[in-house]
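One structure is given here, and the rest of the page talks about it.
All values below come from the heavy atoms of this structure, side chains included, with hydrogens, waters and symmetry mates left out.
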Amino acid sequence: YMTLTLCLFFLCVDTAPANAKIVHEGQACVVKDDNISERIYTIREGDHLVLKCLVKGHPLPQVRWTKTAGSASDKFQETSIYNETLIIEGIQRVQGGRYYCKADNGVGVAAIKSIRVDVQYLDKPVLTVHQTISDVRGSYYQEKTVFLRCTVNSNPPARFIWKRGTTPIEQSKDQGVDIYEPLYTQGETKVLKLKNLRLKDFANYTCQVSVRNVCEIPDSSVTFLLTIGTTPPALRLSVNESLVVDPGKDVTLSCEVTAGLPKPTVIWSRYLNPLPRNSLVRNGTLELRSVTSADSGFYNCTAANNVGNPAKRNVNLLVRSMGNLTFQITPDSNKDSENIQMGRDLKLSCHVDAQPQDKVNYMWYQNEVLIYNSDSLIVLHSDPDMAPGTSSLEIIDMKFRDQATYSCVANFPGSTVPELRVDVNITQNSVTPPILTVPEGGQVVSVREGGTTDLVCLVDGKPRPPVLWSRADKDLAMPTGEWAVETHDGRLHLTNVTRDLMGAYRCQTAPYNGLNIKPRQAQVQLNVQYAPVLDPVFQDVRSPNYQFVTLRCIIQKSNPPRIASVRWTRNGEPLTSLTPHPQENPQLKFKLDPSNNGTYKCHVSNGVGSSTCTFNISSRPYNAEFYFDTPNPICNLKGNNFSYNLQWTQSEPAATDRIIGYWVNVRNVSHSHRHSLTRDPVKGSLMSYILTDLKIPLSYEIRLAPITTYSTGDYVSRTIKYTEYHVCGFEDKHICGFSQDRGDNFDWTRQNHLTQNPKRSSNTGTEMDRSGTKEGCYMYIEASRPRVLGDTARLLSPLYNVTAARGPKGSGRLPYCISFFYHMKGKQIGTLDVWLRVKSIASVDTKVWSLIGNQGPDWNQANIIVNPSGPFQVVFQAIRGSGYEGDIAIDDVSVTKGKCKQENSVSNTDVGLFPKLYFMLYTLCCMVTLKM
């Protein structure tokens, strides 16, 4: 039988601020670090981008991805992705830029890391042929200088190769050509200049572009045949540049190609808008069926054959239309009159909204008789004192005979568009100034939020003008989004009224369809009533049993402000309120016990509506919070078993009744079991429980809940699984269980940018850790005195257990991958060796990797495949070179089961900060006593 030794221990740990690093899992071409400590992710356009933000901190941070277009000063995009993994399928070039991973758990300053995504692409090149205008005489290209311009969009910049036929053109071997890059061109461009065309210059020319197989992007090319007959395009249009038609007609616009070799391609387009849906383009002809006013606009015909400049022709299509016809009556403006008076002048004006406006014809009639200009009646077809397109009839020194019915008729001569007509009766009694009033009781209109109401201004006068409504606050628009709304009866109808519509509204008479005089104005106040606004809407309240709890519901605002009633309920049952007066903020005070836990609601009404404060009152403990930054939580056991060090903290343990223990449920697809743990947690204490008898490679769901004398808290859940994937960035002061060899000459040193000696030599060593952060740590050897040539420092890894003696059938021993980053800058760099120390009856050391001398200013990665025969350690040995400029550093060390990947896919999951006692206790807890 098997006896499992249970080990439960507690260490004090504070909440830890968030930390983050970015790794990639997508289809990267290259991932490297530049000299500004930023990672660059190179990917081919159309491939899948996968970025993962590895975070640590307690509580577990929330991750947010954002992006800038090109530099850190650009604004963030409006959209954000809240997930540890960012996936972009089929990435496009516009999606390149800096991606930021922000991890925040509310403790300290949020952690932000960035990576620059560089999208690689190569478009098909475009080849155009040009000749200077001064050279164009007679035969276009015969015995003249010709320029072949090749343009392409690419990233990285493309390399160009010009060919005549199949032979590459070399400028140094052909005096008749020049190859150069023009200035101020869009995209990348190379020009092939053919000077004074020779007979052999009439040939096929190929422009081949290449990005040197970056991201396996193939080369691209374009070919052009230059002949004696090569000419640019020319066009002839079948209609005038301005075309006016009636609605409902079919319109045909033809572009005839009159010149061009190769044969030009004709394209029709419309300025600022797509072509109409009912349009048809074929053989250079654009056909529009049953046109409407919406089809008006500029239509462009373009012919191009990549020779010279494209030929273009434009047509301005105007479809006749007439809309609203209005009139104005203007008394003698020189006398400031508002009435029609005999012996004074009077002007009648008429305006129609039409297209084209300048083609409208106006005719005036008096009692159905056409008016011609006379001494007393003057027709102005375009009145300069009015809006453009307005016609006026001036009545000079009005007489009794001038009292009549005047008609204004607007039409398009020779058009099928129906004419519009307005009649105005002009007598002293038929025209009176308007009077605008607000009905009694209508100065203030009250309506409940979400309801419907009318604002009313009554207008009287002859003729009766429309009423224009607007907000009294000129900075506020009407509910429709317009600045003014016209009503014919003076009623402004409002639906689904919201509180932001509350305020004063101005009504005024319109200056048209009536007297053109100073407008009459009035105001109506809209009062929107709404239910009380309360705080809190919801609150979770925890308290120990048999202590008093006070619930307060704050009334922030209300319209009307007077509170009509306050009502308290518990789990839907009414309670007696302890509030002495309903106008005060309601409160409820009571002693909590196991029988009165539940949901308490405060219902506050002001007669218009009711709002609720909801309180969840409980003596149940808060949830436990899993700790995700446990260093090396997995311990290999005999057979196919492993143990897992589960760690957590208790949120606000003193907020409720004393916590006496925890339930721990462990389950997988086949079975589950539950453990009870007895413990009194303290705020800030990190609790641990060793889960044993776990089977490789199964996954387990772990559920954890605190227990008090009276209740059990909610379960929290996480999934654990066996993995041998560990990366050490030396962020923990105990360096992930690595240790110094006692048999060497000196020790490796843990350091970061902030702890560096400011007087150190700038010609050796690294400024920052591999991730490029000032806070990130690494291990290095200091080559300054008292070190001498040949001194050795060795760093030993923890012991790695080999869980399988052999790999898959026929593959020999199971391989492991040792991966790390090294930094070896300096002219006196010595040697960095990696040894494999296999534990058996006696330890056996084997050198598996070695590097000597200066390797430059960058961090480089090494991947080593080993096949240990038993439990093993990795030994990093640094040997001091000939002088002090010989510092060597390592960072981000990982040992994983299986062969190394071809590219760097190591993620840095740095361990948290723990006292050294943790490692001792955890080692003890991995013991298993087996009795057979």
Worksheet entry | Sidechain-backbone polar pair: S797 side chain, V874 backbone, donor-acceptor under 3.5 Å | yes
Practice prompt. Check whether any side-chain N or O of R620 sits under 3.5 Å from a backbone N or O of T712 as a donor-acceptor pair, and report yes or no.
Written response: yes
Practice prompt. Taking atom types as modelled, find out whether Q539 and T614 have a side-chain donor-acceptor pair closer than 3.5 angstrom.
Written response: no
Worksheet item: Would you say the ring centroid of Y662 lies under 6.0 angstrom from that of W648?
Response: yes
Discussion item. Could you check whether E652 pairs with K683 (Lys NZ or Arg NE/NH1/NH2 to Asp/Glu carboxylate O, under 4.0 Å)?
Written reply: yes
Fill in: side chain to side chain contact (heavy atoms under 4.5 Å, CB included) assessment of F615 paired with T599
CA-CA 6 Å; F615 304 88; T599 301; over 6 Å; no
Practice prompt. Check whether any side-chain N or O of K721 sits under 3.5 Å from a backbone N or O of I696 as a donor-acceptor pair, and report yes or no.
Written response: no
Worksheet item: Can the ring centroids of H823 and Y778 be said to lie less than 6.0 angstrom from one another?
Response: no
Discussion item. Quick check: do I864 and L836 have side-chain heavy atoms less than 4.5 Å from each other?
Written reply: no
Worksheet item: Any Lys/Arg nitrogen of D104 or R64 sitting under 4.0 Å from an Asp/Glu carboxylate oxygen of the other?
Response: no
Worksheet item: Think R674 forms a cation-pi with W663, using NZ or CZ under 6.0 Å from the six-ring centre and within 45 degrees of its axis?
Response: yes
Practice prompt. Using a 4.5 Å cut-off on heavy atoms from C-beta on, say whether the side chain of K102 contacts that of V63.
Written response: no
Discussion item. Please tell me whether Y816 and F872 form a close aromatic pair, meaning their ring centres lie under 6.0 Å apart.
Written reply: yes
Response to the item:
Correct closest heavy-atom pair for L592 and N596 would be CD1-OD1, 3.3 Å
Worksheet item: Mind checking whether F876 and F738 have parallel, tilted or perpendicular rings, split at 30° and 60°?
Response: tilted
Practice prompt. Heavy atoms only: give me the nearest G57-P61 pair and the separation to one decimal.
Written response: O-CD, 3.8 Å
Worksheet item: Are the side chains of V541 and V549 in touch, meaning some heavy atoms are under 4.5 Å apart?
Response: yes
Practice prompt. Check whether any side-chain heavy atom of M779 lies under 4.5 Å from a side-chain heavy atom of L795, and answer yes or no.
Written response: yes
Fill in: Note, R44 side chain near V119 side chain (heavy atom, < 4.5 Å)
no
Practice prompt. Mind running side chain to side chain contact (heavy atoms under 4.5 Å, CB included) on L51 and L49 for me, showing each step along the way?
Written response: CA-CA 7 Å; L51 297 177; L49 171 75; 4.0 Å; yes
Practice prompt. Quickly, which of N597, D593, T708, T709 forms a side-chain hydrogen bond (donor to acceptor under 3.5 Å, both in side chains) with S619? Name it, please.
Written response: N597
Practice prompt. Measure the spacing between SG of C29 and CD1 of I43 and express it to the nearest 0.5 Å.
Written response: 7.0 Å
Discussion item. How close do P59 and N105 get, counting heavy atoms only, and between which atoms?
Written reply: O-ND2, 2.8 Å
Practice prompt. Show your reasoning for whether side chain to side chain contact (heavy atoms under 4.5 Å, CB included) applies to L814 and N867.
Written response: CA-CA 6 Å; L814 187 68; N867 297 276; over 6 Å; no
Worksheet item: Where do I890 and W748 land on the side chain to side chain contact (heavy atoms under 4.5 Å, CB included) test, with the steps shown first?
Response: CA-CA 10 Å; I890 61 173; W748 289 77; 4.0 Å; yes
Practice prompt. Search all heavy atoms of Q751 against all heavy atoms of Y780 and return the closest pair with its distance.
Written response: OE1-OH, 3.3 Å
Worksheet item: Applying the side chain to side chain contact (heavy atoms under 4.5 Å, CB included) test to F730, which of N752, V893, D892 qualifies?
Response: V893
Discussion item. Distance check, rounded to the nearest 0.5 Å: R658 atom CZ versus I707 atom CD1?
Written reply: 12.0 Å
Worksheet entry | Residue pair S819, N863: steps toward the side chain to side chain donor-acceptor pair (under 3.5 Å) verdict | CA-CA 4 Å; S819 179; N863 294 307; 2.8 Å; yes
Worksheet item: At what distance, to the nearest 0.5 angstrom, does CD of Q650 lie from CG of L704?
Response: 8.5 Å
Discussion item. Once salt bridge (charged side-chain N to carboxylate O under 4.0 Å, His left out) is applied, do any residues pair with D118, and if so which ones, sequence neighbours excluded?
Written reply: none
Discussion item. Keeping Q92 on the side-chain end and G46 on the backbone end, is there a donor-acceptor pair under 3.5 Å?
Written reply: no
Worksheet item: Roughly how far apart are I720 CD1 and F626 CZ, rounded to 0.5 Å?
Response: 9.0 Å
Worksheet item: Does the ring centre of F820 sit less than 6.0 Å away from the ring centre of W859?
Response: no
Item to complete: Taking all non-hydrogen atoms of both residues into account, name the closest pair between Y41 and V50 and its distance.
Response: OH-N, 4.0 Å
Worksheet item: CD of E84 to CG of L60: how many Å apart, nearest 0.5 Å?
Response: 6.5 Å
Item to complete: Would you tell me whether T719 and E701 have side-chain atoms, one donor and one acceptor, within less than 3.5 Å of each other?
Response: no
Worksheet item: Looking at CH2 of W849 and CD1 of I865, how far apart are the two atoms once the value is rounded to the nearest 0.5 Å?
Response: 15.0 Å
Practice prompt. Name all residues meeting the ring-ring contact (aromatic ring centres under 6.0 Å, His included) criterion together with F642; count only those two or more places apart in sequence or in a different chain, and write none if there are none.
Written response: Y722
Fill in: N/O donor-acceptor pair under 3.5 Å between D657 side chain and P544 backbone
no
Item to complete: Please assess C553 against C602 for the test disulfide bond (SG atoms under 2.5 Å apart), listing each intermediate value before the final yes or no.
Response: CA-CA 7 Å; C553 188; C602 177; 4.0 Å; no
Worksheet item: Do the non-hydrogen side-chain atoms of S711 and P621 ever get within less than 4.5 Å of each other?
Response: yes
Item to complete: State, with a plain yes or no, whether a side-chain heavy atom of E625 is found less than 4.5 Å away from one of H58.
Response: yes
Worksheet entry | Closest non-hydrogen atom pair between L799 and K839, with its separation | CD1-CG, 3.6 Å
Worksheet item: Is the number of heavy atoms from other residues, nucleotides or ligands under 6.0 Å of K695 NZ greater than 12?
Response: yes
Practice prompt. May I ask you to test the I702-L646 pair for a side-chain heavy-atom distance under 4.5 Å?
Written response: yes
